[in-house]
There are 2 protein chains.
Amino acid sequence: MQFSVGVEYALHCLVYLVNLPPDSPIGIKDLAAYQGVSDSYLSKFFTQLVKAGIVRSVPGVKGGYELAKKPEDISFWNVVTAIQGEASLFQCKEIRHNTLPFRENKFQCYSEKCLINSVMLEAESHLKNYLCTKTIAWLHENLDKHIPEIQQEQKRWFKEKLYNR
Amino acid sequence: MQFSVGVEYALHCLVYLVNLPPDSPIGIKDLAAYQGVSDSYLSKFFTQLVKAGIVRSVPGVKGGYELAKKPEDISFWNVVTAIQGEASLFQCKEIRHNTLPFRENKFQCYSEKCLINSVMLEAESHLKNYLCTKTIAWLHENLDKHIPEIQQEQKRWFKEKLYNR
DNA sequence: TAATTATAGATAAAAATCATCTATAATCAG
DNA sequence: CTGATTATAGATGATTTTTATCTATAATTA
Ligand code: SF4
Ligand code: SF4
């Protein structure tokens with residue numbers, strides 16, 4: 001049970017989009033070139049981010065992607081669900097339905113009143129609540145503090161790409 | 001990203017082992033027959049539960065499995081890690097290493113100081129802490145309250161199997 | 001000694017994940 | 001209007017993980 005790499009790609013790329021001049025979207029080609037993956041691969045994640053309302057897409061010449069919200073309104077949890085979907089971590093496979101007394105049609109097991117399910121859901125909500133408190137704005141700000149050289153280099157590169165369109 | 005079904009099987013089966021007479025292990029055949037799966041399948045999970053110190057195995061004739069600890073000392077988290085392993089939910093795939101300035105050997109990215117990684121770890125610890133508070137004893141007790149008929153039937157069945165060995 | 005039982009490992013089907021490529025639709029610069 | 005550019009959608013396939021079973025082996029006890 002692992003987070004998808006897509007979450008990692010999305011978080012990194014969203015940081016690139018912070019603090020750019022308004023109405024100057026960045027194309028998927030540039031983003032993909034920077035990340036070192038194919039455009040079609042990265043674009044899939046951006047399509048999901050669009051659907052989740054995290055980024056806005058501008059089609060056509062000089063189109064691309066830009067943040068649809070303020071970075072302080074985009075939480076880690078938003079990104080995680082945008083990429084992995086809303087499905088909860090624990091999905092009851094209804095194994096009890098295959099249990100002896102059930103096979104003999106003695107009982108039914110309804111997952112609504114399932115204790116295991118409710119415990120897992122509650123546990124997940126603790127994870128969720130924490131991830132909701134961490135935003136792209138926070139990430140951007142702290143990356144600037146922790147790895148300033150890398151961040152500067154990265155900003156330089158995207159500003160230049162924006163300039164040469 | 002989903003919990004393994006193994007967790008569901010393990011939690012259900014551990015409840016069956018609560019409140020049985022001492023030194024009377026239940027064989028994997030009975031457990032598997034009750035669950036409606038093959039012994040070899042279920043036994044794999046029990047081997048993992050043994051390695052995690054949750055159950056004790058008794059080989060040979062009239063052998064089987066019994067709880068190795070008091071049910072109030074077995075948490076949901078214990079079971080989850082026994083089955084899925086200790087690996088954390090977020091594993092950095094080091095995607096930044098393939099990023100443009102890194103490909104040009106300008107920088108290195110050490111995951112020890114990675115902010116994303118630390119946020120994910122902290123989030124997971126919230127999930128962990130909650131799952132540590134819920135035990136097999138709690139589950140057993142509350143299942144008895146919520147679905148008493150099913151629990152009675154289940155206890156009847158295992159007691160009978162124990163009797164006929 | 002023989003039957004029983006856990007353990008280990010081989011095997012394979014099914015599902016999910018990762019990654020790329022192609023075709024299409026929308027937009028804008030000229 | 002036209003052609004280039006760009007996002008979107010979907011097909012495709014490789015790889016990995018998950019699920020499930022079967023077989024062989026080792027330990028134990030009746
Ligand atoms: S008790 Fe809960 S987890 Fe188990 S089969 Fe029923 S609904 Fe699913
Ligand atoms: S910044 Fe963190 S998540 Fe990203 S590549 Fe570096 S270590 Fe991995």
Side-chain angles (χ1 to χ4, degrees), chain A residues 1-10 13 17 23-33 35-52 54-66 68 83-85 87 89-91 93-95 98 161-162 164-165, chain B residues 1-10 13 17 23-33 35-52 54-66 68 83-85 87 89-91 93-95 98 161-162 164-165:
Chain A
M1 150 147 136
Q2 296 285 145
F3 277 99
S4 153
V5 245
V7 173
E8 204 174 335
Y9 281 112
C13 287
L17 302 184
D23 295 319
S24 49
I26 292 190
I28 199 74
K29 270 190 183 171
D30 289 340
L31 288 161
Q35 284 290 357
V37 293
S38 71
D39 347 355
S40 37
Y41 182 49
L42 203 58
S43 77
K44 207 161 200 177
F45 298 132
F46 269 85
T47 304
Q48 291 176 285
L49 292 172
V50 169
K51 283 181 181 154
I54 292 172
V55 301
R56 188 181 3 254
S57 73
V58 181
V61 180
K62 294 203 178 180
Y65 297 97
E66 59 194 357
I83 301 296
Q84 322 221 58
L89 300 189
F90 183 82
Q91 301 277 32
K93 297 298 188 309
E94 312 267 336
I95 64 169
N98 203 33
K161 285 291 164 186
L162 223 46
N164 295 328
R165 304 189 60 155
Chain B
M1 147 146 141
Q2 296 284 143
F3 277 100
S4 152
V5 246
V7 173
E8 204 173 334
Y9 281 112
C13 288
L17 301 184
D23 295 320
S24 48
I26 293 190
I28 199 73
K29 269 189 182 171
D30 290 339
L31 288 161
Q35 284 290 357
V37 293
S38 71
D39 351 354
S40 38
Y41 182 48
L42 202 57
S43 77
K44 206 162 200 179
F45 298 129
F46 268 86
T47 303
Q48 291 176 285
L49 292 173
V50 169
K51 283 180 180 155
I54 293 173
V55 301
R56 186 181 6 250
S57 70
V58 181
V61 179
K62 294 204 181 180
Y65 297 98
E66 58 194 356
I83 302 295
Q84 322 221 62
L89 301 188
F90 183 83
Q91 302 277 33
K93 297 299 188 309
E94 312 268 335
I95 65 168
N98 204 33
K161 284 290 164 187
L162 224 46
N164 294 328
R165 303 189 60 154

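Here is the naming used below: chain letters follow the sequence lines, and residue numbers restart at 1 for every chain.
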Asks: Which atoms form the tightest heavy-atom contact between B:Pro25 and B:Gly64, and what is the distance?
Replies: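 Minimum heavy-atom contact is CB-C, 3.6 Å.
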Asks: What is the distance from CZ of A:Phe46 to P of D:dA7, rounded to the nearest Å?
Replies: 10 Å
Asks: Taking the side chain of A:Ser43 as heavy atoms from C-beta outward, which of D:dT8, C:dT20, D:dT21 is closest to it?
Replies: D:dT8
Asks: Starting at CZ of B:Phe45 and ending at P of C:dA8, how long is that distance when rounded to a whole Å?
Replies: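 Result: 15 Å.
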Asks: Whole Å only: how far is the CD1 atom of A:Ile83 from the P atom of C:dC18?
Replies: 11 Å
Asks: Can you confirm whether A:Lys29 is buried at NZ, in the sense that more than 12 heavy atoms of other residues, nucleotides or ligands lie under 6.0 Å from that atom?
Replies: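 It does not: A:Lys29 NZ has 12 such atoms or fewer within range.
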Asks: Testing the basics here: between A:Val50 and A:Ser57, what is the closest heavy-atom pair and its distance to 0.1 Å?
Replies: CG2-CB, 4.0 Å
Asks: Of all the nucleotides listed (D:dA20, D:dT8, C:dC18), which has the minimum atom distance to the side chain of A:Tyr41?
Replies: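 When the side chain of A:Tyr41 is considered, C:dC18 is the closest of D:dA20, D:dT8, C:dC18.
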Asks: Under the rule for side chain to side chain donor-acceptor pair (under 3.5 Å), what residues qualify as partners of A:Ser38, not counting sequence neighbours?
Replies: A:Ser40
Asks: Under 3.5 Å, which protein N or O atoms sit close to an N or O of nucleotides 14-18 of chain D? Give each pair with its distance.
Replies:
{"residue": "D:dT18", "atom": "OP1", "partner": "A:Met1", "partner atom": "N", "Å": "3.1"}

Asks: Looking at A:Ser40, I'd like to know whether one of its side-chain N or O atoms comes within less than 4.0 Å of OP1 or OP2 on C:dT20.
Replies: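 So the side chain of A:Ser40 is outside the cut-off, no N or O lying under 4.0 Å from OP1 or OP2 of C:dT20.
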Asks: Who pairs with A:Lys161 by side-chain contact (heavy atoms from CB on, under 4.5 Å), at least two apart in sequence or on another chain?
Replies: A:Asp30, A:Trp157
Asks: Is A:Gly6 touching bases, backbone alone, or none of the nucleic acid, heavy atoms closer than 4.0 Å?
Replies: nothing
Asks: Between N or O atoms, less than 3.5 Å apart, protein on one side and nucleotides 24-30 of chain C on the other: list the pairs.
Replies:
none

Asks: Write down the distance between NZ (A:Lys44) and C1' (C:dT20), rounded to a whole number of angstrom.
Replies: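 From A:Lys44 NZ to C:dT20 C1': 10 Å.
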Asks: Roughly, in whole Å, what's the span from CG in A:Asp39 to C1' in D:dA9?
Replies: 15 Å
Asks: Please report the closest heavy-atom contact between A:Leu49 and A:Ala10, naming both atoms and the distance.
Replies: CD1-CB, 4.2 Å
Asks: Can you name the residues that form a side chain to side chain donor-acceptor pair (under 3.5 Å) with A:Glu66, not counting sequence neighbours?
Replies: A:Arg56
Asks: How far apart are the closest heavy atoms of A:Val7 and A:Ile83, and which atoms are they?
Replies: N-CG2, 3.9 Å
Asks: Give a yes/no answer on whether the side chain of A:Lys51 brings an N or O atom under 4.0 Å of OP1 or OP2 in D:dA9.
Replies: yes
Asks: By side-chain contact (heavy atoms from CB on, under 4.5 Å), which residues pair with B:Gln35, not counting sequence neighbours?
Replies: A:Ile95, A:Thr99, B:Tyr9, B:His12, B:Cys13, B:Tyr16, B:Val37, B:Leu42
Asks: With a cut-off of less than 4.0 Å, is there a side-chain N or O of A:Ser57 near OP1 or OP2 of D:dT8?
Replies: yes
Asks: Between B:Lys93 and B:Tyr65, just flag the one whose closest nucleotide in DNA chain C comes earlier from the 5' side.
Replies: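 So the residue in question is B:Tyr65.
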Asks: Tell me the interatomic distance from A:Leu49, atom CG, to D:dA7, atom C1', rounded to whole angstroms.
Replies: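 Value for this atom pair: 14 Å.
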Asks: Want to settle it: does A:Leu42 or B:Ile26 sit nearer the 5' end of DNA chain C, counting the closest nucleotide to each?
Replies: B:Ile26
